[in-house]
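Quantities reported herein were computed from a predicted structural model and do not represent experimental measurements.
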Amino acid sequence: MSTNPLLDTTGLPQFDQIKPEHVTPALDALLAEAEAALSKVTSPDVPADYDALSLLLDVSTERMGSAWGAVGHLNSVADTPELRAAFNENLPRITEFYTRLGSDELLYAKYKALNAAQAKLPAEQRLSPARQRALDNALRGFVLGGAELQGDAKTRFAEIQELQAAKSQAFSEHVMDATDAFAHYASLDELAGVPQDVIDATRAAAEAEGKDGHKLTLHMPCYLPVMQYATHRPLRETLYRAYATRASEFGPAERDNGPLMQEILALRQEEAKLLGYANFADVSLVPKMATSPAQVAEFLRDLAKRARPFAEKDMAELREFAKTECGLVDLQAWDVAFVGEKLKEARYAFSDQEVKQYFTEPTVLQGLFGLIEKLFDVQIKPDSAPVWHESVRFFRIERAGSLVGQFYLDPYARAGKRPGAWMDDVRGRWKRPDNGQTQTPVAHLVCNYAKGVGDKPALLTHDDVTTLFHEFGHGLHHMLTQVDDIGVAGISGVEWDAVELPSQFMENFCWEWDVVQELTHHVDTGESLPRALFDKMNAAKNFQSGMMTLRQVEFSLFDMRLHAEPEQAANVQAVVDEVRQEVAVNVPPSFNRFQHSFSHIFAGGYAAGYYSYKWAEVLSSDAYAAFEEAAAQNGGVLSAEVGLRYRQAILEAGGSRSAMDNFKAFRGREPQIDALLRHQGMS
């Protein structure tokens, strides 16, 4: 078994060596180790001592988590039938162990005894604030993990966790499979108006299959430019219908997520009742900043009320332009992106396609790294590690010659890779109790933009650039932490509705002239983005921001209502329709099934938490305002002084104290909504 790469967890994962047949044998061994550690740590001869518990339990569970994390990551970015089978075969075992670990009465008793003993100690002998917070989080986790349940209730709680894990995984697979399964082979005539780089890429995709024409898919680098630029309306409708009905009853029955949604919601409600809560939304909010579903709904409805006049104006302008300039009297869902792009071009005299020629991937990365280095006093350098695909790169972050963290960058869309963009942790920062060494954090940064064709570099839309900055914000939160306790280092232990603060914060720099100059290098001429074009982009920054805000509110309110009103779960579509009637100004067609691919809430961590994006945007906008205030004094937002304060108060502190305490340490007060409204042109 020594040749199994999943059993070597001392260094970085051997992604190039891991095969599906390694998964089960490795987990046999790692689960046995973790079981032995749990058995020992709950025995009477191990004291209720923080270091003793961590040395026995955290070391073995982190080792298992590292191996399983590598398998799960490959399942998301390099899916094959064999790997999927191995993942799904072992998912119940892993879920069962962690459920049992989180509800073990003897372990819970040890943690309670440790906590009780702290109160009797002199202040100087107590746990550090970071460790106490980790302990408080652990105690809360035991309660939410069913540790106080007995008998049949406890057995059923464990069953629910396994069922939820399996059904969420199936939901995610259906979305990936439905996305990958669609192909439309278009003629060159049908692609009139579509950018040349997309035409080249789709032709190459068809040629690779030995087919004529151009292969169109539902992956964003193909789907979005077709929706924005194709003048052939039937083509836009074909793609829109396919995209809007992925994993629904309009496709193969075996990929329909409709039944899965109802099953997942029913299981979550049953879990809530077992834990003594009225609904799953109440459970979800226990570890968050928001205190109740009613508070969240009030926040969302207030935001919708503020955005509505702007959204109605956006929609009226879109309809008028569609009628007078595009000859579309009946504006349909598949026309919105197209007409919106045409309106933007007419109003601001530029197109996304024109801008894209300046954002070449090498220059964007160089500019991004330079920004991070200046603001946070670090150096980013190429590094080497085994990777899962030839296009994946690996980097290290240093400060004064010392390693701070490392990250993998997997930028391009491809079959077998989950849609979207995300950051995930490979390992967290930790002063290891087994060897006294500080383990540095490692992150995955994943995007899905289009690879360059031939010898041309990848060209990013400004939205792609913003997404890249967003994920790097999460990565910096994970990697720049200075907390040595793994449970509250970096993103660990951070309230979920504050976790988007550092990511959304980074997006703001994509709108700063000083930054954008360093991000751009025209693919043919090598020139930086002209100031005149940047000014047009900036003028258009809040184009349709009212509509976009209402769209986010729509998703968030739908999510919260589904989980706060369990009686609604039987008819998910009815909840979608009601929420749209309440907040949307642009109601999609009746066949739209966006919820069937809403992986954030059905297969991610955002159940009764999607509102976090808007909630955290209040925090991130206000945090960024500190840089704007500094710019008013010294003429630029790239203030190393403010960057140091932000790094220390937010990024380095991680989950070692509450998100509100972190924010107040940085801003000296609680957050205010003014900056968000101003940034979105709705003040």
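Side-chain contact, His219 with Tyr412: no donor N or O sits under 3.5 Å from an acceptor N or O. In the model, Arg246 has a side-chain atom that pairs as donor or acceptor with a side-chain atom of Thr179 under 3.5 Å. Inspection of the Trp430 and Asp58 side chains reveals no N or O donor paired with an N or O acceptor under 3.5 Å. With no hydrogens or angles considered, no side-chain donor-acceptor pair links Arg133 and Ser656 at under 3.5 Å. A donor-acceptor pair shorter than 3.5 Å can be found between the side chains of Gln132 and Asn115. There is no side-chain donor-acceptor pair under 3.5 Å between His22 and Gln17. Side-chain N/O atoms of Asp282 and Ser284 include no donor and acceptor closer than 3.5 Å. Side-chain contact of Arg84 with Asn75: a donor-acceptor pair under 3.5 Å is absent, judged by distance alone. In this model, a donor atom of one side chain and an acceptor atom of the other lie less than 3.5 Å apart for Glu500 and Ser503.
Shown here for Ala290 and Val296, the closest heavy-atom pair between the two residues is CB-CG2, 3.6 Å. Minimum interatomic distance between Asn448 and Pro419 (heavy atoms only, all atoms of both residues): ND2-C, 3.6 Å. When every heavy atom of Ala70 is checked against every heavy atom of Pro13, the shortest pair comes out as CB-CB, 4.2 Å. A pairwise comparison of heavy atoms in Ala489 and Val483 identifies CB-O, 3.4 Å as the closest pair. What you find for Ala570 and Gln262 is that their closest heavy atoms are O-NE2, 2.5 Å. Nearest heavy-atom pair across Ala67 and Leu30 is CB-CD1, 3.4 Å.
Under the salt bridge (Lys or Arg N to Asp or Glu O under 4.0 Å) test applied with Glu105, the options Lys154, Arg100, Lys112 reduce to a single match, Lys154. Among Phe407, Phe376, Phe395, the one residue that satisfies the ring pair (Phe, Tyr, Trp, His ring centres under 6.0 Å) test with Phe472 is Phe407.
Ring pair His600/Tyr610 is perpendicular by interplanar angle, where above 60° counts as perpendicular and below 30° as parallel. Ring-plane geometry between Trp68 and Phe87 is classed as parallel, the angle between the planes falling under 30 degrees on a 0 to 90 degree scale with a further cut at 60. Note on ring orientation: taking the six-membered ring where Trp is involved, the planes of Phe280 and His563 are tilted (angle from 30° to 60°).
Atom NZ of Lys19 has more than 12 neighbouring heavy atoms from other residues, nucleotides or ligands inside a 6.0 Å radius.
Ion pairing between a basic and an acidic side chain is recognised when a charged N comes within 4.0 Å of a carboxylate O; Glu495 and Lys288 show no such pairing. Electrostatic pairing of Glu124 and Arg126 does not count as a salt bridge here, judged by no charged N lying under 4.0 Å from a carboxylate O. Salt bridge Asp383/Arg396: present, at least one basic N to carboxylate O contact under 4.0 Å. Looking at Glu173 and Arg255, no side-chain N of the basic residue comes within less than 4.0 Å of a carboxylate O on the acidic one, giving no salt bridge. Salt bridge Asp485/Lys431: absent, no basic N to carboxylate O contact under 4.0 Å. Between Asp180 and Arg414 there is no salt bridge, since no side-chain N of the basic residue sits under 4.0 Å from a carboxylate O of the acidic one. A salt bridge links Arg429 to Asp484: one of the charged nitrogens lies within less than 4.0 Å of a carboxylate oxygen. Electrostatic pairing of Arg432 and Glu62 counts as a salt bridge here, judged by a charged N lying under 4.0 Å from a carboxylate O. With salt bridges taken as basic N to acidic carboxylate O contacts below 4.0 Å, one links Asp51 and Arg131.
His478 places a side-chain N or O within donor-acceptor distance of the main-chain N or O of Arg427, the cut-off being under 3.5 Å. Judged by distance alone, the side chain of Glu271 and the main-chain N or O of Leu267 form no donor-acceptor pair under 3.5 Å. Side-chain atoms of Thr481 do not come within 3.5 Å of backbone N or O of His477 as any donor-acceptor pair. In this structure a side-chain-to-backbone donor-acceptor pair under 3.5 Å is present from Asp559 to Gly609. At least one donor-acceptor pair under 3.5 Å links the side chain of Asn662 to the backbone N or O of Gly654. No donor-acceptor pair under 3.5 Å is formed between the side chain of Asp79 and the backbone N or O of Gly416. For the pair Gln406 (side chain) and Ala443 (backbone), a donor-acceptor distance under 3.5 Å is absent. At least one donor-acceptor pair closer than 3.5 Å links the side chain of Ser168 to the backbone N or O of Phe602. Between the side chain of Ser60 and the main chain of Leu57, a donor-acceptor pair closer than 3.5 Å is present. With hydrogens and angles ignored, the 3.5 Å screen pairs no side-chain donor or acceptor of Lys167 with any backbone N or O of Glu162.
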For ring-ring contact (aromatic ring centres under 6.0 Å, His included), just list the numbers for Tyr606 and Tyr613, CA-CA rounded to whole Å, side-chain angles, deciding distance to a tenth of an Å, and then say yes or no. CA-CA 10 Å; Tyr606 286 86; Tyr613 282 101; 5.1 Å; yes
Would you check, one step at a time, whether the test side-chain hydrogen bond (donor to acceptor under 3.5 Å, both in side chains) holds for Gln164 with Glu263? CA-CA 8 Å; Gln164 282 195 62; Glu263 291 163 16; over 6 Å; no
Show your reasoning for whether salt bridge (charged side-chain N to carboxylate O under 4.0 Å, His left out) applies to Arg156 and Glu159. CA-CA 5 Å; Arg156 179 57 185 161; Glu159 290 172 356; 3.1 Å; yes
Show your reasoning for whether side-chain hydrogen bond (donor to acceptor under 3.5 Å, both in side chains) applies to Gln648 and Gln482. CA-CA 9 Å; Gln648 292 174 335; Gln482 290 297 295; over 6 Å; no
Show, in sequence, the C-alpha distance, side-chain angles and deciding distance for Asp497 and Tyr611, and conclude whether the side-chain hydrogen bond (donor to acceptor under 3.5 Å, both in side chains) test is met. CA-CA 7 Å; Asp497 42 7; Tyr611 76 91; 2.6 Å; yes
Please walk me through it: do Tyr111 and Leu107 pass side chain to side chain contact (heavy atoms under 4.5 Å, CB included)? CA-CA 6 Å; Tyr111 276 85; Leu107 187 60; 3.7 Å; yes
Using the side-chain hydrogen bond (donor to acceptor under 3.5 Å, both in side chains) rule, take Gln269 and Asn279 through it: C-alpha gap first, then chi angles, then the decisive distance, then the call. CA-CA 6 Å; Gln269 176 60 16; Asn279 54 66; over 6 Å; no
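Taken to the nearest 0.5 Å, the CZ atom of Arg93 stands 5.5 Å off from the CG atom of Leu27. From His174, atom NE2 reaches atom CG of Asp256 across 8.5 Å, with rounding to the nearest 0.5 Å. To the nearest 0.5 Å, atom CG of residue Leu6 and atom CD of residue Gln14 are 8.5 Å apart. Taking CD1 of Ile650 as the reference point, atom CG of Leu480 lies at 12.5 Å (rounded to 0.5 Å). For the atom pair Leu476 CG and Leu651 CG, the distance stands at 6.5 Å (nearest 0.5 Å). Note that CG of Leu445 is 7.5 Å distant from CD of Glu471, once rounded to the nearest 0.5 Å.
A heavy-atom distance below 4.5 Å is not found between the side chains of Leu139 and Val143.
In this structure, Lys110 forms no cation-pi arrangement with Tyr108, as its terminal cationic atom is not both closer than 6.0 Å to the ring centre and no more than 45° off the ring axis.
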